[in-house]
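Written out below as structure tokens is the structure these notes cover.
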Amino acid sequence: MINISHMISSSKFKAVDFYRKFPRDLTEASVSGAWLSIATALAMIFLFGMELNKYLTVSTSTSIIIDNSSDGDFLRIDFNISFPAVSCEFASVDVSDALGTNRLNITKTIRKFSIDPQLRHKAIEFHSEPVPHVSQHGDEVDDEAVEGSVSLNSDSFAKLSQEHPILVVNFFAPWCYWSTRLRSSWEKAAKIIKERYDPDKDGRIILAKVDCTEAVDLCKRHHVQGYPSIRIFRKGSDLWDDDGHHEHESYYGDRDTDSLVKAMEELVSPTPLENQKPALEKNRPAPLTGGCRIEGYVRVKKVPGNLIISSRSGAHSFDSSQMNMSHVIGHLSFGKIISPRVLSDVKRLIPYLGRSHDKLNGLSFINHQDLDANVTIEHYLQVVKTEVVTVKSSHESSLIEQYEYTAHSSLAQSVNMPVAKFHFWLSPMQVLITENPKSLSHFLTNVCAIIGGVFTVAGILDSILYNTIRLMKKMEIGKNI
């Protein structure tokens, strides 16, 4: 009785053995088992690699929320735009918005560089003070005024510029309102200067004029785009090179007779020296070439608005049929500029971010005169803010803000002066991209599940395969008997 009860209790205790010993005949090696073991090992390695790659890959979630910008009520617009046919002398950057704000000829945060048609620029920045909105003119308008200035063409201009130490030229257009207002004062001032500084006896200064509707090439060589343009040429200083570089000044003082005479007197009053270049405070260098590169930034309110670049002056006229607003956009972006290192990290984490924050960079918008004159180039920009929340550790995260935009551009004729216009709309919604970190415990659990699952499935397959082969062998033996 004791032996029987001992055997019963022993058998019950053995029932909880999870690591039972299989009979030898069930653990014998076979060729099919070897192939299955190899396949099982390869499957484990493959699934482990997939799980490891998933663990190392950063996953994100994207959501659309109401814009809760933390950067205030204003938005910064950075740009670098080259205009091959717009002179820096009159190039103006204006901003307007849906709230009625209008800011004209912004200069504080804007820089200008003269460029040639190949977009090459001089290293020297074109410094310009705001062009006066209104210059004082004489009250008299006399169509029969005495001709005191000398009319020039290309040949006579080259001759006089080498004969007289100072040559002051009025580049005008007969149809221009401001040219008409200047005409009487200019001729009277020229007569007075001619009497005081007789060209045959003194000859230190002479006043001349050029009709830009007749001497078209001469006006183009001097990049005259606004009428009237009063230029001051000094003998020996008007140097030209292959890029069309020429050194002279533009006069922006008052245009009545007394002011003109006083200005001319101040030009010749110093004792002339070979290397002396007296200048007036109201004068400034004329543009070196016919084009202009405008770069800098403006701050605008976060409402629909316009960034407009055009030629502007309150005391000059422009021939709209000759204005060409073709341009090449070197850079245009909204919001704070993200450093290349930060942007590189963000792109590594979220590859699809950063493709549209400078969508227009490097694009050219050229008017080849297919649409004739008065062509305005417009860009329509839809701006959306994107925030990226990256997780550095369990208790630390960082926020990266970026404005991206879509752009559609068009060339259209306008009855007004052609301009380059950037219309922008800011979306009231924003895109929020959040990094979803993975825990190490979750990774280890999945690895264990892969190893155990593959091993178990392989064991079931091996058992089925082994028993099937044994059954087939028994059936074959039975047939032979």
Side-chain angles (χ1 to χ4, degrees), residues 87 89 114 122 124 126-129 135 146-172 179 182-183 185-212 215 217-224 226-241 243-289:
S87 174
E89 190 173 12
S114 296
K122 301 295 181 182
I124 301 177
F126 181 82
H127 293 282
S128 62
E129 298 296 330
S135 293
V146 63
E147 296 290 334
S149 61
V150 181
S151 296
L152 299 180
N153 54 30
S154 296
D155 295 333
S156 58
F157 176 87
K159 180 180 179 182
L160 282 183
S161 62
Q162 298 301 319
E163 291 179 352
H164 299 275
I166 300 176
L167 172 63
V168 186
V169 183
N170 170 24
F171 293 89
F172 72 97
S179 296
L182 173 64
R183 180 175 180 271
S185 300
W186 182 260
E187 297 299 338
K188 289 181 179 181
K191 182 180 179 182
I192 295 174
I193 293 298
K194 185 176 182 180
E195 292 174 351
R196 295 181 182 179
Y197 304 94
D198 190 339
D200 296 330
K201 298 179 180 180
D202 189 311
R204 284 182 290 172
I205 185 172
I206 187 170
L207 273 63
K209 59 185 176 182
V210 174
D211 185 348
C212 288
D217 292 338
L218 178 60
C219 292
K220 284 185 176 180
R221 286 203 304 271
H222 291 283
H223 313 303
V224 177
Y227 309 107
S229 288
I230 301 176
R231 300 283 174 84
I232 303 167
F233 300 87
R234 304 178 190 274
K235 182 179 179 180
S237 65
D238 188 33
L239 304 177
W240 293 76
D241 58 23
D243 295 332
H245 174 211
H246 52 102
E247 294 181 352
H248 52 266
E249 302 160 53
S250 289
Y251 171 76
Y252 284 104
D254 292 326
R255 297 175 182 173
D256 59 284
T257 302
D258 292 338
S259 297
L260 289 171
V261 172
K262 181 180 179 181
M264 301 306 115
E265 291 277 6
E266 291 178 357
L267 281 173
V268 296
S269 59
T271 303
L273 297 175
E274 182 178 354
N275 59 350
Q276 187 175 15
K277 296 182 182 180
L280 294 177
E281 293 182 357
K282 295 180 181 179
N283 298 341
R284 70 174 187 229
L288 302 180
T289 53

Check whether any side-chain heavy atom of S185 lies under 4.5 Å from a side-chain heavy atom of L260, and answer yes or no. yes

Could you go through I192 and M264, starting from their C-alpha distance and side-chain angles, then the distance that decides it, and tell me whether this counts as side-chain contact (heavy atoms from CB on, under 4.5 Å)? CA-CA 10 Å; I192 295 174; M264 301 306 115; over 6 Å; no

Trace of the side-chain contact (heavy atoms from CB on, under 4.5 Å) decision for E187 with K209: CA-CA 9 Å; E187 297 299 338; K209 59 185 176 182; 3.0 Å; yes

Considering only heavy atoms from C-beta outward, does the side chain of L267 approach that of R234 to under 4.5 Å? yes

Should the ring pair F233 and H222 be called parallel, tilted or perpendicular, given that the plane angle runs from 0 to 90° and is split at 30 and 60? perpendicular

Nearest heavy-atom approach of S250 to R231 is OG-NE, 3.1 Å

So, using side-chain hydrogen bond (donor to acceptor under 3.5 Å, both in side chains) as the criterion, who are the partners of D258 when residues are at least two apart? none

Candidate pair V169 and F157, rule side-chain contact (heavy atoms from CB on, under 4.5 Å), full reasoning: CA-CA 9 Å; V169 183; F157 176 87; 4.0 Å; yes

Sequence neighbours excluded, the answer for side-chain contact (heavy atoms from CB on, under 4.5 Å) partners of D198 is D200, K201

For L182 versus P228, what's the shortest heavy-atom pair and its separation? CD2-CG, 3.6 Å

Under a 4.5 Å cut-off applied to non-hydrogen side-chain atoms, are N170 and L207 in contact? no

Could you pull out all residues at least two apart from Y227 that satisfy ring pair (Phe, Tyr, Trp, His ring centres under 6.0 Å)? W175

Nearest heavy-atom contact between C219 and F171 is SG-CD2, 3.8 Å

Who are the side-chain hydrogen bond (donor to acceptor under 3.5 Å, both in side chains) partners of S151, not counting sequence neighbours? none

Which heavy atom of S179 sits nearest to which heavy atom of F172, and what is that distance? OG-CB, 3.6 Å

To the closest 0.5 Å, what do you measure between CD1 (I232) and CG (L167)? 10.0 Å

Residue pair H223, S114: steps toward the side-chain contact (heavy atoms from CB on, under 4.5 Å) verdict: CA-CA 11 Å; H223 313 303; S114 296; over 6 Å; no

Would you name the heavy atoms of A190 and S149 that are closest together and state the gap between them? CB-N, 3.5 Å

What's the separation between atom CG in L160 and atom CG in D155, rounded to the nearest 0.5 Å? 11.0 Å

Note, L218 side chain near N153 side chain (heavy atom, < 4.5 Å): no

Is there a donor-acceptor contact under 3.5 Å from the side chain of S229 to the main chain of G226? yes

Applying ring pair (Phe, Tyr, Trp, His ring centres under 6.0 Å), run through H164 and Y197 and close with a yes or a no. CA-CA 11 Å; H164 299 275; Y197 304 94; over 10 Å; no

Working to the nearest 0.5 angstrom, can you tell me the gap between I166 CD1 and S161 OG? 13.5 Å

Please tell me if the side chains of V224 and V210 come closer than 4.5 Å, counting only heavy atoms from C-beta onward. no

